Student: 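Below you will find the structure I want to go over with you.
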Amino acid sequence: MPALASPTRTSYDAVIVGGGHNGLVAAAYLAGAGHTVLVLERLGHTGGAAVSTRPFAGVDARLSRYSYLVSLLPDKIVDELGLRFAVRKRTVSSYTPAVRDGRPTGLLVGGGADRTRASFAALTGGDSEYAAWQEFYAATARVAERVFPTLTEPLPAHDELRARIDDEAAWRMLFEEPIGVAIEERFRDDLVRGVVLTDALIGTFADAHDPSLLQNRCFLYHVVGGGTGDWDVPVGGMGAFTDALAGAARAAGAEIVTGHEATRVETDGARAEVTFRTEDGGTGTVAARHVLVNASPQALAALLGATPPAPPAEGAQLKVNMLLRRLPRLRDRGVDPREAFAGTFHIAEGYGQLATAYEEAAGGRPPSAPPSEIYCHSLTDPSILGPELAGEGYQTLTLFGLHTPARLFTEDNDAARDALLKATLNQLDAHLDEPIADCLAVDADGRPCIEAKTPLDLERDLRLPGGHIFHRDLAFPYATPDTGRWGVETAHANVLLCGAGAVRGGGVSGVPGHNAAMAVLERERTAAR
């Protein structure tokens, strides 16, 4: 069913500002509970950053253009909303190329315990690093089992979560001291240390020993997903998830209108009015008992005419999408490219390299060896490729670059993007037996099928403040004096933040949307008593 041309009512139980995945989750829950619901989406389509698009002219490849893997989405949301959506496990966790004693080699994590153990031994010369790896991730798995279920419950208190984890060593490692301490205590090999640290740096500009523990918060969210820490491939691309959500919301009775941008929210705490403008220049107003804002805290403040809560956090990632005619050959002949690229392919992410890249970028200089990681969606889910492309062996590559803060692009975004992309691909080429450029497909106009997005590009295209993929710095998943009961509350009782900037937001999870809907329903049950 297509989006409606305009709202059909003048008043709703709930108006949701923004049709990204969290807004759609909230809409589906509230409409399913019998509420009248309107979703106002600025763009001409729903999905926000969780979309699939064909970015290359005349090429039948549907890529997850921005968000690309799933870990934090609870099965509870998929099951309760009856979503026809699936994920697939990757056969390999990661591969990290290296050069040891002048010889191309690498670390393969996957393919079974025996193979992983052998790869550790071949790289490091013994069994101690693998044993440390097993012990370390057994500890994070125990934390994941206890923390993940709390994400869709009211926020636990600090001491309540600590007691639930019931592991003082793990609590100290993840919640109290910089993650760099644990990494350096447990591992000796620089490359192994770097692979562990990368989960603390996805979309997060921080050092391993940052006293703010920003890196710890990022690491925690990357190892708790699903209670296992697995990062899975969305079948059909990320857009399959948001399309399923939009369908579920409409089936439950929610109205979704695209090309409608909310410009103002006025509230007295009990009733609210939402003013919007349409893509053809029109304006309108709808009334609501509840307003849920699936946008950044800065956007929420602007809608309310309030002072923003803080300066925007700074995005720090380079996102690159590629389509290849074939996977490149590797210099390390001990691993098949179809395995190496099926998981996370780490580039220039040794522990020392990550520290140097951070220092350079913090000083305002592009990293001399930009760290990044790649994976190939189409190896796990070839359905994103048209039959002809799949039959001819085409593959997608998604690259996520670290330590590239927005400040590096403010003077000349286009020139800085081009230079950083070239330097990043050079780091990849150092481990290939042929340049990646030789493997790129071309579009209908004869141009190479590659696109890159800086933080400034994401700020422009998706209105992410500072280009930050989590809307703001991540928070630990426990209550503090200003979080509210569900982590979605604002200064106004009937206005909730249901986007990634909510506590326990960030990533493709639907958690803030679920929690905002639960807060509304809970408030109404309380009022009815």
Side-chain angles (χ1 to χ4, degrees), residues 49 66-68 174 177-181 183 193-223 296-298 308-320 344 346-374 399-411 413 416-417 419-421 423-424 427 452-476 500-501 505-507:
Y66 302 110
S67 302
Y68 54 99
L174 296 173
E177 62 186 18
I179 192 67
V181 173
I183 292 172
R193 286 178 170 182
V195 172
V196 176
L197 179 61
T198 56
D199 276 338
L201 305 177
I202 303 296
T204 299
F205 188 54
D207 180 69
H209 291 276
D210 193 315
S212 74
L213 303 188
L214 175 59
Q215 73 282 21
N216 288 48
R217 288 172 261 156
C218 181
F219 185 85
L220 181 69
Y221 279 86
H222 280 86
V223 298
S296 68
Q298 282 73 24
E314 185 179 26
Q317 66 286 318
L318 178 74
K319 175 73 192 298
V320 183
T344 300
H346 296 281
I347 307 160
E349 290 190 331
Y351 198 69
Q353 289 175 306
L354 289 168
T356 298
Y358 174 79
E359 292 169 2
E360 291 173 336
R365 305 183 307 279
S368 54
S372 64
E373 40 204 60
I374 291 177
L399 181 149
F400 192 94
L402 307 182
H403 289 338
T404 57
R407 70 189 76 170
L408 301 180
F409 304 93
T410 53
E411 185 173 330
N413 186 48
R417 184 199 310 111
L420 182 62
L421 177 60
T424 299
Q427 291 300 311
K453 301 285 186 179
T454 72
L456 299 190
D457 295 325
L458 297 184
E459 184 172 45
R460 179 198 63 221
D461 296 346
L462 301 174
R463 294 194 178 174
L464 298 178
H468 199 293
I469 61 172
F470 304 136
H471 286 195
R472 64 178 175 185
D473 291 339
L474 294 169
F476 283 124

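All residue numbers refer to positions in the sequence shown, counting from 1. Predicted model only: the values in this text are computed from it and were never measured.
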Student: How long is the span from the CG atom in L402 to the CD atom in Q317, to the nearest 0.5 Å?
Tutor: 9.0 Å
Student: So which of P371, P370, S372 actually passes side chain to side chain contact (heavy atoms under 4.5 Å, CB included) with Q427?
Tutor: P370
Student: With a 4.5 Å heavy-atom cut-off, do I202 and H222 have their side chains touching?
Tutor: yes
Student: Are the side chains of I347 and E373 in contact, using a 4.5 Å heavy-atom criterion?
Tutor: no
Student: How far does CG of D207 sit from CG of L354, to the nearest 0.5 angstrom?
Tutor: 9.5 Å
Student: For F400 and T198, run side chain to side chain contact (heavy atoms under 4.5 Å, CB included): C-alpha distance rounded to whole Å, both residues' side-chain angles, the deciding distance at 0.1 Å, then the answer.
Tutor: CA-CA 11 Å; F400 192 94; T198 56; over 6 Å; no
Student: Contact between F476 and N216 at the side-chain level, heavy atoms closer than 4.5 Å - yes or no?
Tutor: yes
Student: For L458 and G467, which heavy atoms make the closest approach, and how far apart are they?
Tutor: CD1-O, 4.2 Å
Student: How far apart are the closest heavy atoms of V196 and F219, and which atoms are they?
Tutor: O-CE1, 3.5 Å
Student: Side chain of R472, backbone of A313: donor and acceptor closer than 3.5 Å?
Tutor: no
Student: Return yes if some donor-acceptor pair links the side-chain N/O of Q353 with the main-chain N/O of A369 below 3.5 Å, else return no.
Tutor: no
Student: Please name all residues satisfying side chain to side chain donor-acceptor pair (under 3.5 Å) with E177, sequence neighbours left out, ordered by chain then number.
Tutor: none
Student: Work out which heavy atom in E314 is nearest to a heavy atom in R407; give both atom names and the distance.
Tutor: OE1-NH2, 2.6 Å
Student: Look up atom CG in L474 and atom CG in L213, then write down how far apart they are to the nearest 0.5 Å.
Tutor: 13.0 Å
Student: Looking only at heavy atoms, what is the nearest atom pair of P455 and G466, with distance?
Tutor: CB-O, 3.8 Å
Student: Grab the two heavy atoms, one from A452 and one from L318, that are nearest each other, plus how far apart they are.
Tutor: CB-CD1, 4.2 Å
Student: Could you work out, with ring-ring contact (aromatic ring centres under 6.0 Å, His included) as the rule, every residue matching Y351, not counting sequence neighbours?
Tutor: none
Student: What distance do Q298 atom CD and L464 atom CG have between them, rounded to the nearest 0.5 Å?
Tutor: 11.0 Å
Student: Run the side chain to side chain donor-acceptor pair (under 3.5 Å) check on E360 and S368 step by step: do they pass?
Tutor: CA-CA 8 Å; E360 291 173 336; S368 54; 2.9 Å; yes
Student: Would you please classify the geometry between the Y358 ring and the F205 ring as parallel, tilted or perpendicular, with 30° and 60° separating the classes?
Tutor: tilted
Student: Taking S212 for its side chain and L214 for its backbone only, find out whether a donor-acceptor pair lies under 3.5 Å.
Tutor: yes
Student: With the side chain counted from C-beta on, respond yes when K319 and L399 share a heavy-atom pair under 4.5 Å apart, and no when they do not.
Tutor: no
Student: Give me the atom names and distance for the closest heavy-atom approach of C218 to T204.
Tutor: SG-OG1, 3.3 Å
Student: Tell me, do T404 and F409 make a side-chain contact under 4.5 Å, heavy atoms counted?
Tutor: yes
Student: Salt bridge or not between D473 and R217? Use side-chain N to carboxylate O under 4.0 Å.
Tutor: no
Student: Can you list everything that forms a ring-ring contact (aromatic ring centres under 6.0 Å, His included) with H471? Sequence neighbours excluded, please.
Tutor: none
Student: Kindly indicate whether the side chain of D199, heavy atoms from C-beta on, has any atom under 4.5 Å from the side chain of V223.
Tutor: yes
Student: Do E349 and V195 have side chains that get closer than 4.5 Å, going by heavy atoms?
Tutor: no
